[in-house]
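Data block below; observations after.
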Amino acid sequence: MKLYEKYPVHLSNSLSGEKEKFETITPGFVGMYVCGPTVYNYAHLGNARTFLTFDTISRYLRFIEYKVRYVRNITDVGHLESDADEGEDKIGKKARLEQLEPMEIVKRYTEDFHSMMRQFNILPPNIEPTATAHIIEQINIVKKLIDLGLAYEVNGSVYFDVKKYNQSHHYGILSGRNIEELMESGRELDSQDEKREKVDFALWKKASPQHIMRWPSPWGEGFPGWHIECTVMSTKYLGETFDIHGGGMDLKFPHHECEIAQATGANGRAPVKYWVHSNMLTVNGQKMSKSLGNSFLPAELFTGNHPLLQKGYSPMTVRFFMLQSHYSSTLDFSNEALNAAEKGFKKLSNALSLIKNLNQEKQEGINSELSKQLALLADECFKNMSDDFNTAKTLAVLFEMASRINDLKSGTLKINSIEKIIFTTFKSTYIGMMEEVLGLTEDASINNNLVDGTIQVLINLRKKVRADKNFALSDKIRDDLKAIGIQLKDGKDGEMSYEIEN
RNA sequence: GGUUCCGUGGCCGAGUGGCUAGGCUGAGCUCUGCAAAAGCUCCUACAGCGGUUCGAAUCCGCUCGGAACCUCCA
């Protein structure tokens with residue numbers, strides 16, 4: 001029996017608005033597509049939250065023995081800023097400003113994005129396709145949509161005919177909109193517009209003379225519209241219908257709505273079984289975004305070099321902080337919350353290094369009550385994660401487990417009194433949930449052999465003076481180390497350990 | 001204006017009909033030469049008003065407050 005059978009996953013499907021049992025198209029296999037970044041600028045913390053969400057989801061699905069293919073794209077064609085017809089290509093604009101080739105812009109910010117992912121211990125997807133590498137496929141699907149009568153060409157641009165599509169399907173199925181309301185509200189079509197209806201969206205745009213990113217097509221030189229790349233790449237690598245499509249809440253409309261329309265129009269079937277949207281990171285209750293000027297760059301966060309921050313926080317602290325809330329809720333970013341997260345994470349992290357060194361030598365005097373309790377805790381981790389990837393609830397259980405680990409370490413609870421199989425499961429679950437599922441590794445310290453050896457010398461020295469009851473000197477050693485950020489901890493049995501504080 | 005979501009104890013944040021969330025902070029206790037760490041205990045809430053129900057933070061209605069999307073955004 002696979003773990004995913006023992007702990008069946010339920011997840012919130014944005015399409016139905018309800019929590020549903022997760023049943024994959026092919027038993028044992030999961031295909032997941034997540035909208036990645038547009039690489040025209042530095043990625044900020046709000047962006048990280050979405051990728052963290054799907055990192056955790058893919059990690060957990062693998063942990064419970066699914067075979068996962070995770071595809072996350074890089075958008076390296078400029079989406080158009082402002083209005084879809086007259087806007088400017090973000091990558092092209094940035095390239096002109098910095099006097100670089102568009103691909104230099106793309107390269108720079110892709111590297112930056114990857115480095116941020118690494119810092120937060122967000123694993124790379126299995127496939128990371130780029131839009132520019134799929135121009136031909138995008139042209140092909142546009143042709144197909146024209147042939148099907150779902151798209152029309154005007155002056156070298158091609159638009160999706162939403163009204164036509166809506167005759168046989170429901171445009172707005174994901175975001176709960178209907179086409180009449182959409183046509184009534186918002187911007188009016190002006191005389192310059194090529195679109196038949198304002199709800200129509202571009203599949204292919206003719207490149208203006210100054211537009212630098214351009215490719216030849218049956219309709220002249222141009223570039224693909226915003227939405228089509230995701231449809232092409234998800235279909236190519238995951239099939240016409242796949243299990244999970246993820247992304248930030250702000251992509252629900254129009255981006256994902258358009259994806260559904262294009263793909264359904266072209267292939268005659270709904271592209272996605274479960275739509276999953278992660279919610280926004282907020283600052284003082286407002287969405288963190290570049291345009292609002294309230295975004296944080298990773299470097300600012302780690303160093304604390306930001307007007308709103310009192311100090312710096314480690315990547316793992318931030319990761320833990322984000323996992324303390326459910327991905328579908330907004331999460332507010334503040335100093336207080338980060339401070340609390342730092343301390344909380346430290347507790348879990350300490351327990352992690354402790355349990356790694358805890359082993360059961362022999363089994364004696366079985367405490368069945370304790371055994372039962374520990375078995376239940378391990379079980380709860382899986383149940384909580386399988387319940388819509390509830391990392392907040394899982395962390396609550398891990399805190400319980402951490403307390404028990406401390407008890408085992410201090411001897412308050414006897415490690416040998418636990419049933420062998422239960423101890424093994426308890427240990428592997430704590431370590432597995434922390435490191436593999438939640439991606440919470442121990443913070444990388446400046447720890448190395450030289451430092452460790454030096455501290456051991458001091459520890460041995462201090463043991464000697466303590467034995468001699470020279471407390472003045474032993475306190476001095478401890479205080480002086482503390483002053484440079486090394487905390488000595490005296491154990492019950494005269495053992496000493498240390499911890500490097502950041 | 002349209003669509004949708006949220007309002008939980010000092011702070012952050014789970015929970016969607018009956019059963020302890022959890023973290024941080026604060027107070028006390030235990031252990032310790034003293035600390036630190038750790039363990040234990042306490043402070044116990046669901047914006048307001050009304051309704052449904054044997055029973056509601058949880059369902060329904062209204063009021064107040066906040067947010068997201070409808071333009072690019074994760």
For the pair made of [atom1] in [X] and [atom2] in [N], what is the distance, rounded to whole Å?
X      : N     : atom1 : atom2 : result
A/L323 : B/G22 : CG    : P     : 19 Å
A/K198 : B/G2  : NZ    : C1'   : 12 Å
A/K469 : B/U32 : NZ    : P     : 12 Å
A/H256 : B/A68 : NE2   : P     : 19 Å
A/F321 : B/C11 : CZ    : C1'   : 12 Å
A/L182 : B/C69 : CG    : P     : 16 Å
A/L251 : B/U71 : CG    : C1'   : 14 Å
A/L413 : B/C40 : CG    : C1'   : 13 Å

Heavy atoms only, 4.0 Å cut-off, all strands: where does [X] land among base, sugar-phosphate and nothing?
X      : answer
A/D479 : nothing
A/L398 : nothing
A/D490 : base
A/A337 : sugar-phosphate
A/G46  : base
A/F471 : base
A/L338 : nothing
A/N406 : sugar-phosphate
A/S325 : sugar-phosphate

Is the NZ atom of A/K356 crowded by more than 12 outside heavy atoms at less than 6.0 Å?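 More than 12 within 6.0 Å, yes.
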
Main chain of [Y], side chain of [X]: is a donor-acceptor contact present, judged purely on distance under 3.5 Å?
X      : Y      : answer
A/N73  : A/G36  : yes
A/E257 : A/G172 : yes
A/N13  : A/E18  : no
A/K347 : A/F399 : no
A/R214 : A/S208 : yes

Applying salt bridge (Lys or Arg N to Asp or Glu O under 4.0 Å) to A/E98 and A/K94, what does each step give before you reach the verdict? CA-CA 6 Å; A/E98 301 192 13; A/K94 190 92 178 174; 3.6 Å; yes

Proximal nucleotide (of [options]) relative to the [X] side chain:
X      : options             : answer
A/A396 : B/A74, B/A21, B/A37 : B/A21
A/Q324 : B/C69, B/G39, B/G23 : B/G23
A/R177 : B/C34, B/G22, B/C69 : B/C69
A/E181 : B/A74, B/U3, B/G33  : B/U3
A/K347 : B/A74, B/G23, B/A14 : B/G23
A/K90  : B/G15, B/G33, B/C72 : B/C72
A/R462 : B/A37, B/G33, B/A74 : B/G33
A/F399 : B/C70, B/G33, B/G23 : B/G23
A/K19  : B/U16, B/G33, B/A74 : B/U16

Tell me which nucleotide, if any, is Watson-Crick or G-U wobble paired with [N] when both distances must be under 3.5 Å.
N     : answer
B/C40 : B/G28
B/C5  : B/G66
B/G22 : B/C12

Considering only the [atom1] atoms, how many Å lie between [N] and [M], rounded to the nearest integer?
N     : M     : atom1 : result
B/A67 : B/C12 : P     : 16 Å
B/G50 : B/G10 : P     : 23 Å
B/A35 : B/G17 : C1'   : 50 Å
B/G48 : B/A57 : P     : 11 Å
B/G28 : B/U53 : C1'   : 42 Å
B/U8  : B/U16 : C1'   : 13 Å
B/U25 : B/C43 : C1'   : 11 Å
B/U58 : B/A14 : C1'   : 13 Å

Are any of [X]'s side-chain N or O atoms less than 4.0 Å away from OP1 or OP2 of [N]?
X      : N     : value
A/N47  : B/A74 : yes
A/R404 : B/C40 : yes
A/K287 : B/C69 : yes
A/S329 : B/A14 : yes
A/K252 : B/U4  : no
A/N390 : B/A14 : no
A/S403 : B/G39 : yes

Residue whose nearest RNA chain B nucleotide is more 5′ - A/Q286 or A/S175: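 So the residue in question is A/S175.
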
5'-most contact on RNA chain B: A/E499 or A/S289, nearest heavy atom basis? A/E499

When only distance counts, do a donor and an acceptor, one from the side chain of A/R478 and one from the base of B/A35, lie under 3.5 Å apart?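 Answer is yes: a donor-acceptor pair is held.
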
Is a donor-acceptor pair below 3.5 Å formed from side chain A/D332 to base B/G13, judging by atom type as modelled? no

Please tell me whether A/H245 and A/Y33 form a close aromatic pair, meaning their ring centres lie under 6.0 Å apart.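 A/H245 vs A/Y33: aromatic centres under 6.0 Å.
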
To the nearest 0.5 Å, atom NZ of A/K393 lies from atom CG of A/D388 at 10.5 Å

In terms of ring plane angle, is the pair A/F345 and A/F320 parallel, tilted or perpendicular, where the classes change at 30° and 60°? tilted

